[in-house]
Every structure is written in structure tokens, then in C-alpha cells.
Number of protein chains: 2
Amino acid sequence: MQSIPQEKISAASEGLRAIAHEVRLSVLCHLLNGTMCVAELMEATGASQSNLSQHLTKMRLLGIVKNEKRGQQVYYHIANPAFAELVQALKSIYCPEMCEQALVDAEPTILLKEH
Amino acid sequence: MQSIPQEKISAASEGLRAIAHEVRLSVLCHLLNGTMCVAELMEATGASQSNLSQHLTKMRLLGIVKNEKRGQQVYYHIANPAFAELVQALKSIYCPEMCEQALVDAEPTILLKEH
DNA sequence: TTATTATATTAGCAAGTGGTGATTTATCTA
DNA sequence: TAGATAAATCACCACTTGCTAATATAATAA
């Protein structure tokens, strides 16, 4: 067996810690469906403005999400497909029923609020 | 869109936090290949006896690993297939070259810091 | 201009987490 | 039996993390 190099462990660990927090994980789950602005994420996650903003900043600095300003709003989306994959894998472990359904259902209409 | 129930987020978050620590993640990566005793895991991870034991205890209490005493040794293995899956998914993102069906397009380039 | 709204930043503190070293428990062997 | 070995537990301390409240910044509206 090959042993896993320490730097890969460190990188994976940092990535996991970044998404392990309840608020950040919740944000990412919602962003799986597309771009959302801060106010929408506040509503979706229940986190306070300041708290959510700090979590978003942390994820942005780690390259997990990207943001884009449109007028007064700031819209966030998942920047790195590896994280989308990870969160999707998590979701299919912890919410298998939502994932099967997502495959079967037609494209949800209200989700993508881009443009 | 269905929103993700809070209790699922909490459970997933707890699971992630449990495997996000470098030592615990390293242990789990090694246990993907089968059962190992504490001394072998010490050698493999480089953690101290006390430290490793505490991490193993934590994972055991969370149901992530199980142990079995054989003589003076205690052997550990991954108890929950969901965690094996997760760690395997991580591994194929961060160490694609080590995984049989390497994901060609999944780049481990997570942590680019912006300015 | 001033006021309002959306988001980000800062400071300070409380709580959680992880590491070390000492001790304990259990098993094996001479 | 005593001593050695493997692993677990405990006590303590340092460090990190996350939250709140206050303030700052930036865009828009009146």
C-alpha cells in the first residue's frame, strides 16, 4: 500500500475544516443550486448578517466561493468544482432521498437567479 | 428547491469535523486498506501514543471506527461505510493518481488565496 | 446633499479543540 | 509473582474558532 503524503493530508484537512462548519456547509448546499446574494443566504441559513459575512469572507479567501457585485448586492457562487463534488457526495450520504429526487425532477425554476 | 433540514446539516457537519483533523484523516486513509493496531497507526501517522489514542477514542465514540482487542494489541477498522466512501471521495479529489478511477478533471487546487 | 440599504470589517470575549506528560489499566512473559 | 509492553485516561495549558455588537464602506434613493 502507498501511504498518503502529508501535504495531501494537510490540504484535504484544510478543505474539510473549511466546509465542516454548519453555517458554511449550509451556504454551500444552497449554492449547489446556483448563485445567491448575501440577503438570500441570510434568509436561507438563518445566520446573522455579520456572522454570515465572516463565513463568506473565509470561504472566499480559501478559494471555495467567488463573489460578484451587482448594484448593492453581492452574489456568491461555488468557485471550485471539487467542493461542489464534495458537498454533493455529502448530500447523497446524509440526504439520499433529496438526491434521488433531484435526479428525477425537472429543473427547478426558481433557483438560478443569475442575470 | 427543497432546503436542507437543519438536523441533516448538523449531522453532516459533525461527521466532517470528525474526519477533518489531520491525524484522524490520516488514520482513516490508512484504515481504508484494512484493519490496523494502534502501534501500526502510530508508525503510519507519526502521532504520539497519547495523542493518537485520544483521536481513536473520539472516532470510536462517534461510530466512525470500531476496535477489537487481540492480546495486548487493539485493532481498529472503519465501522461506517459512509465514512469510507467520504474518505475515498476525498482521496480521489486530492490524490487522483493514487485512485484506480482517477478523476481526470478534478484538480486539487483548492487553496489559492486572493488579494 | 442627506438618508437608506446591503455588505464588510473590527474588537473583544467565551467556548471549543488539540497537544504533552504523567498516570492507570490490562495483558503478556520470565 | 514481578516486570514489561500496549493502550487508555487524566490534568493542564495554549491556541483557535466563532459569535455579538459596533462601526465602516459603498451604492442607491429622495
Side-chain angles (χ1 to χ4, degrees), chain A residues 6 9-28 30-31 35-77 79 113-114, chain B residues 6 9-28 30-31 35-77 79 111 113-115:
Chain A
Q6 180 56 37
I9 297 278
S10 298
S13 166
E14 184 178 18
L16 282 179
R17 269 180 285 125
I19 71 173
H21 188 280
E22 292 194 18
V23 171
R24 294 193 293 269
L25 184 55
S26 181
V27 165
L28 291 174
H30 287 286
L31 291 184
T35 296
M36 293 172 77
C37 74
V38 178
E40 292 168 334
L41 287 169
M42 268 203 278
E43 162 77 18
T45 64
S48 77
Q49 188 270 316
S50 167
N51 190 13
L52 178 59
S53 180
Q54 291 179 63
H55 286 300
L56 289 170
T57 297
K58 177 171 292 194
M59 290 196 285
R60 185 173 49 77
L61 292 176
L62 288 168
I64 300 172
V65 298
K66 280 206 171 109
N67 63 8
E68 177 194 350
K69 199 157 193 172
R70 294 188 215 151
Q72 288 183 84
Q73 275 80 256
V74 178
Y75 283 81
Y76 282 83
H77 63 274
K113 311 199 168 169
E114 299 188 56
Chain B
Q6 180 54 38
I9 297 278
S10 299
S13 167
E14 183 179 21
L16 282 178
R17 271 180 285 126
I19 71 174
H21 189 279
E22 293 194 17
V23 171
R24 294 193 292 270
L25 184 55
S26 179
V27 165
L28 291 174
H30 287 286
L31 291 184
T35 296
M36 293 172 79
C37 73
V38 178
E40 291 168 336
L41 288 169
M42 267 203 279
E43 162 77 17
T45 64
S48 76
Q49 188 270 316
S50 166
N51 189 12
L52 178 59
S53 180
Q54 292 178 65
H55 286 300
L56 289 170
T57 298
K58 179 172 290 194
M59 290 196 284
R60 185 172 50 76
L61 293 176
L62 287 169
I64 299 172
V65 298
K66 279 206 171 109
N67 63 6
E68 175 193 351
K69 199 157 196 173
R70 295 187 213 152
Q72 288 184 82
Q73 276 79 257
V74 178
Y75 283 82
Y76 282 83
H77 62 276
L111 305 166
K113 318 238 175 193
E114 300 184 15
H115 298 15

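Just the heavy atoms: all of them, side chains too, but no hydrogens, waters or symmetry mates, feed the values below.
If you check C:dT7, D:dT9, D:dC19 against the side chain of A:Val74, the one that comes closest is C:dT7. Comparing C:dA8, D:dT20, C:dA22 against the side chain of B:Ser50 picks out C:dA22 as the nearest. The A:Lys58 side chain lies nearest to D:dG18 when the options are C:dT27, D:dG18, D:dA8. The side chain of A:Arg24 lies closest to D:dG18, out of C:dT17, D:dG18, D:dA7. With C:dT27, D:dA7, D:dA8 as the candidates, the nucleotide lying closest to the side chain of B:Cys37 is D:dA7. Side chain of B:Gln54, nearest nucleotide from C:dT7, D:dA11, D:dG18: D:dA11. Among the nucleotides C:dG18, C:dT17, D:dA26, the one closest to the side chain of B:Arg17 is C:dT17. Checked against C:dG19, C:dT27, D:dA7, the side chain of B:Gln72 finds its nearest nucleotide in C:dT27.
To the nearest angstrom, C1' of C:dA6 lies 16 Å from CD of A:Glu68. In this structure, A:Arg70 places its CZ atom 13 Å from P of D:dT28, rounding to the nearest Å. Put simply, CD on B:Gln49 is 12 Å from P on C:dT20, counting in whole angstrom units. C:dA6 atom P lies 13 Å from atom CD of A:Glu43, rounded to whole Å. With rounding to whole Å, B:Met59 atom CE is found 11 Å from D:dA8 atom P. The CD atom of B:Glu22 sits 15 Å away from the C1' atom of D:dC15 (whole-angstrom rounding). Atom CG of B:Asn67 is separated from atom P of C:dT25 by 19 Å (rounded to the nearest Å). Computed from coordinates, the B:Asn51 CG to D:dA7 P distance equals 15 Å when rounded to whole Å.
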The test is salt bridge (Lys or Arg N to Asp or Glu O under 4.0 Å); show your working for B:Glu68 and B:Arg70 and say whether it passes. CA-CA 7 Å; B:Glu68 175 193 351; B:Arg70 295 187 213 152; 3.5 Å; yes

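Regarding contacts with the backbone of C:dG19, a side-chain N or O of B:His55 is found under 4.0 angstrom from either OP1 or OP2. Distances shorter than 4.0 Å separate none of the side-chain N or O atoms of A:His21 from OP1 or OP2 on D:dT16. Residue B:Tyr76 places no side-chain N or O under 4.0 Å from the OP1 or OP2 atom of D:dA6.
For the 3.5 Å distance criterion, the side chains of A:Glu22 and A:Ser26 fail to qualify, holding no donor opposite an acceptor. Under 3.5 Å, the side chains of A:Ser50 and A:Gln54 contain a donor-acceptor pair of N or O atoms.
Here OG1 of A:Thr45 is found 11.5 Å from CG of A:Leu28. Values are rounded to the nearest 0.5 Å. Between atom NE2 of residue B:His30 and atom CG of residue B:Leu25 there is a gap of 9.5 Å, rounded to the nearest 0.5 Å.
Using a 4.0 Å heavy-atom criterion, one finds that B:Tyr75 contacts no nucleic acid atom at all. Counting any heavy atom pair closer than 4.0 Å across all strands shown, A:Gln73 reaches sugar-phosphate atoms only and no base atom.
Here the side chain of A:Thr57 pairs a donor or acceptor atom with the backbone of A:Ser53 at under 3.5 angstrom.
With DNA chain D read from its 5' end, the first of the two nearest nucleotides for B:Ser53 and A:Ser48 is the one closest to B:Ser53.
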